[in-house]
There are 2 protein chains.
Amino acid sequence: MALLLGPYAEVVLHDAATDRVLAIWNPISGRVPGDPSLLGELDTIEPAGTDVYGPYEKSLADGRRLSCVSAVLRDPDGRSSAVLCVNLDRTPFEHAAAVLQSFAAPTAPPPPALFEQDWTENMRRIIGGFVRTSGRQLEKLSRPQRIAVLAELDSAGILDIRRSAPTVAAALKISRATLYSLLTELKTTRSQP
Amino acid sequence: MALLLGPYAEVVLHDAATDRVLAIWNPISGRVPGDPSLLGELDTIEPAGTDVYGPYEKSLADGRRLSCVSAVLRDPDGRSSAVLCVNLDRTPFEHAAAVLQSFAAPTAPPPPALFEQDWTENMRRIIGGFVRTSGRQLEKLSRPQRIAVLAELDSAGILDIRRSAPTVAAALKISRATLYSLLTELKTTRSQP
DNA sequence: GACATGCCTGGACTCTATGTCCAGACTGGA
DNA sequence: TCCAGTCTGGACATAGAGTCCAGGCATGTC
C-alpha cells in the first residue's frame with residue numbers, strides 16, 4: 001500500500017494491546033515503531049457495524065490535513081489485536097483544487113448555503129477531536145483542558161447559538177454552573193495573560 | 001471578450017436608462033436584446049469607490065452558478081448610461097475541483113472550520129439576494145415578500161443566533177415588533193396552508 | 001483516620017433577551 | 001374623506017443567561 005500510494009500516504013500498524021506503533025511505512029507524522037499510538041478511544045468512535053473506520057480527518061502540527069482510514073485486525077478469538085491505519089496527505093489535492101476554484105470564484109465566500117444547520121454535530125466533532133488528540137476520556141479532562149475545549153467551542157461560535165448552553169454542558173458532561181465558571185476563567189485569563 | 005472567454009462567458013450590455021438589455025453575446029441566460037435587465041439597485045450595492053462591481057455570484061434557474069463582474073459606463077457628464085456585465089459559468093471549474101477534492105476528502109464535510117463567524121454577512125447576503133431577484137427596494141417590499149425573506153433567514157438559521165433579532169429587524173428596516181408579527185404569520189401559515 | 005484543598009454541583013437568585021399585545025400613526029387606494 | 005391594512009414604540013410577561021453559594025466528593029498530606 002505504501003508503495004502504491006506514493007509519497008503522500010503513511011501506513012501505520014498499531015498494537016492494540018500496548019497502544020504503540022508496531023511498524024510504520026513512509027512516516028509522514030515522524031513517528032517511529034515503539035511510539036505511543038494515541039488511538040485513545042478509537043474503538044468507540046463509530047460503534048456501527050464494521051471494523052473499518054473512516055475516512056475521517058486528522059491534522060498534523062504543521063497544518064497539513066490527512067484523510068485517514070483505519071481497520072481493526074482481530075484475533076481468531078475475536079478480540080482486537082492490531083489496528084492498521086492509512087493516512088493520506090490531502091494538501092497536494094487541496095492545492096490543485098484551490099487553483100481551479102479560485103480561477104472563477106468570487107472573492108465573496110461561496111454562499112455558505114445552509115448555515116451549519118446542525119451545530120450539535122459541529123460541537124460533537126470539536127469535542128470528539130479534542131478527546132482524541134488529548135488522549136483522555138471526556139470525564140477525566142483537567143480543568144485547563146476543559147477550558148481549552150470551551151475556547152474552541154467558543155471561537156467556533158457554538159456558544160452564540162440560542163439555548164446552546166445546556167446542550168454544551170451536557171455534551172461535556174459538566175453542569176451548567178461549571179460551564180459558566182470555566183467560561184469566566186477563560187475570559188479573564190485571556191484578557192490578563 | 002466573448003470570443004476570448006470561449007463558450008463559458010456571457011457578455012451583456014445594459015441600457016441604464018430603460019433598464020433593458022441592449023446587446024448580448026453568447027447568451028447563457030437565454031436573454032435577448034430588449035429584455036428587462038433586473039439590475040435593480042445595482043448602483044447601491046457597493047458604494048465604495050470605483051464603477052466596477054464584483055466579482056459576485058449569480059445563479060441560473062438550472063442551478064449553474066456564475067461569477068460576474070459589472071462595469072458602469074458613464075456619459076461625459078458623469079451620469080451613468082450603460083452597464084457592461086460579464087458572466088462566467090463556473091460549473092466546469094467546480095466540477096474539476098470537486099473531482100480533485102473528492103479524491104482525498106473524507107465523507108464527513110471538511111470541518112466547517114470557523115462556523116460562519118460573521119453571520120451578519122450571511123444575513124446581508126440573503127437579504128441582498130432577495131432584493132436583487134425581486135427587483136424591489138427593501139423599504140418597498142410587500143408583507144408576503146418580507147415573510148419570504150424571513151423564511152429564508154429562518155431556514156438559514158440566522159434567527160437561532162443569540163441577540164440576532166434586533167440586528168435582523170434593523171437590516172430589514174422594520175421594527176422588532178413587526179419582525180415577530182411576520183414571524184408568527186409565517187409559522188401559522190406554514191402549519192395550516 | 002483526620003484534615004485541608006480544589007473542583008463540581010444543584011438550587012436560588014438577578015438581569016437581560018425574547019416574544020406578545022395594543023393604541024396610535026401612517027399609507028395607498030375607493 | 002374615510003377605510004383597511006400595515007407598521008411602530010412602548011409596556012409588559014416569561015424564558016433564558018449568568019452569578020453566587022452552601023454543600024459534596026474526590027485527592028493528597030500529615
Side-chain angles (χ1 to χ4, degrees), chain A residues 115 118-120 122-123 126-127 130-131 134-192, chain B residues 115 117-120 122-123 126-127 130-131 134-193:
Chain A
F115 139 98
D118 196 0
W119 57 271
T120 58
N122 216 348
M123 172 191 75
I126 292 176
I127 298 177
F130 191 95
V131 167
S134 74
R136 298 181 75 171
Q137 285 179 289
L138 192 50
E139 291 88 344
K140 300 191 175 171
L141 291 182
S142 68
R143 182 161 240 260
Q145 283 179 315
R146 286 196 226 271
I147 292 181
V149 192
L150 254 191
E152 282 190 46
L153 291 170
D154 186 26
S155 71
I158 301 286
L159 300 174
D160 291 331
I161 290 170
R162 281 208 254 174
R163 263 151 289 181
S164 64
T167 312
V168 172
L172 287 174
K173 307 202 175 171
I174 59 180
S175 73
R176 212 170 58 89
T178 305
L179 188 149
Y180 285 114
S181 158
L182 297 171
L183 210 48
T184 51
E185 187 171 338
L186 167 64
K187 280 167 188 168
T188 53
T189 57
R190 198 155 43 185
S191 54
Q192 305 158 1
Chain B
F115 137 98
Q117 204 53 281
D118 198 0
W119 56 272
T120 59
N122 216 349
M123 172 191 74
I126 293 176
I127 298 177
F130 191 96
V131 167
S134 74
R136 300 181 74 172
Q137 283 180 291
L138 191 51
E139 292 87 343
K140 300 191 175 168
L141 291 183
S142 67
R143 181 162 239 258
Q145 282 179 315
R146 286 198 227 270
I147 293 182
V149 191
L150 254 192
E152 282 191 45
L153 291 171
D154 186 26
S155 72
I158 302 286
L159 300 175
D160 292 331
I161 290 170
R162 281 207 256 177
R163 264 151 290 183
S164 64
T167 312
V168 172
L172 288 174
K173 307 203 175 168
I174 60 180
S175 73
R176 213 170 58 87
T178 305
L179 188 149
Y180 284 114
S181 158
L182 297 171
L183 211 48
T184 50
E185 186 170 338
L186 167 64
K187 280 167 186 168
T188 54
T189 57
R190 196 153 44 186
S191 53
Q192 305 158 1

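In this text, all values refer to a predicted model and were calculated from it rather than measured experimentally. Labels below follow one simple rule: chain letters A, B, ... track the order of the sequence lines, proteins then strands, and each chain is numbered from 1.
Where B:Arg176 and A:Tyr180 each meet DNA chain D at their nearest nucleotide, the meeting point lying more 5' is that of B:Arg176. Nearest-nucleotide assignment on DNA chain D puts the 5′-proximal partner with B:Leu182, out of B:Leu182 and A:Ala165. Each of A:Ser142 and A:Arg163 was assigned the nucleotide of DNA chain C with the nearest heavy atom; the assignment lying further toward the 5' end belongs to A:Ser142.
How far CD1 of A:Ile174 is from CG of A:Leu179: 4.5 Å, rounded to the nearest 0.5 Å. Separating the OG1 atom in A:Thr178 from the NZ atom in A:Lys173 is a distance of 15.0 Å, to the nearest 0.5 Å. Atom CG of A:Leu138 sits about 12.0 Å away from atom NZ of A:Lys140, to the nearest 0.5 Å. We find the CD1-CG distance between A:Ile126 and A:Leu153 to be 5.0 Å, quoted to the nearest 0.5 Å.
The span of DNA chain D lying next to chain B, judged by atoms under 4.0 Å from heavy atoms, is bounded 5' to 3' by D:dT6 to D:dG18. The span of DNA chain C lying next to chain A, judged by atoms under 4.0 Å from heavy atoms, is bounded 5' to 3' by C:dC7 to C:dG19.
Listed here is the closest heavy atom pair of B:Gln145 and B:Phe130: O-CZ, 3.6 Å.
No side-chain heavy atom of B:Thr167 sits under 4.5 Å from any side-chain heavy atom of B:Ile161. Taking 4.5 Å as the limit, some side-chain heavy atom of B:Met123 sits within range of a side-chain heavy atom of B:Val168. With contacts defined as side-chain heavy-atom distances shorter than 4.5 Å, the pair B:Leu159/B:Leu150 qualifies. With a 4.5 Å cut-off on side-chain heavy atoms, A:Leu182 and A:Val149 do not count as touching.
No engagement by B:Leu183 is indicated, since no non-hydrogen atom pair under 4.0 Å with the nucleic acid exists. Residue A:Thr184 is in sugar-phosphate contact alone, with no base atom involved, counting any heavy-atom pair closer than 4.0 Å across all strands shown. B:Arg162 comes within 4.0 angstrom of sugar-phosphate atoms only, judged by non-hydrogen atoms across all strands, and of no base.
Between the side chains of B:Arg143 and B:Ser181, at least one donor N or O lies within less than 3.5 Å of an accepting N or O.
In terms of modelled atom types and a separation under 3.5 Å, the side chain of A:Arg163 and the main chain of B:Asp160 share no donor-acceptor contact.
Between its two ends, the helix from C:dG1-D:dC30 to C:dA30-D:dT1 turns its axis by 20°, counting five pairs per end and rounding to 10 degrees.
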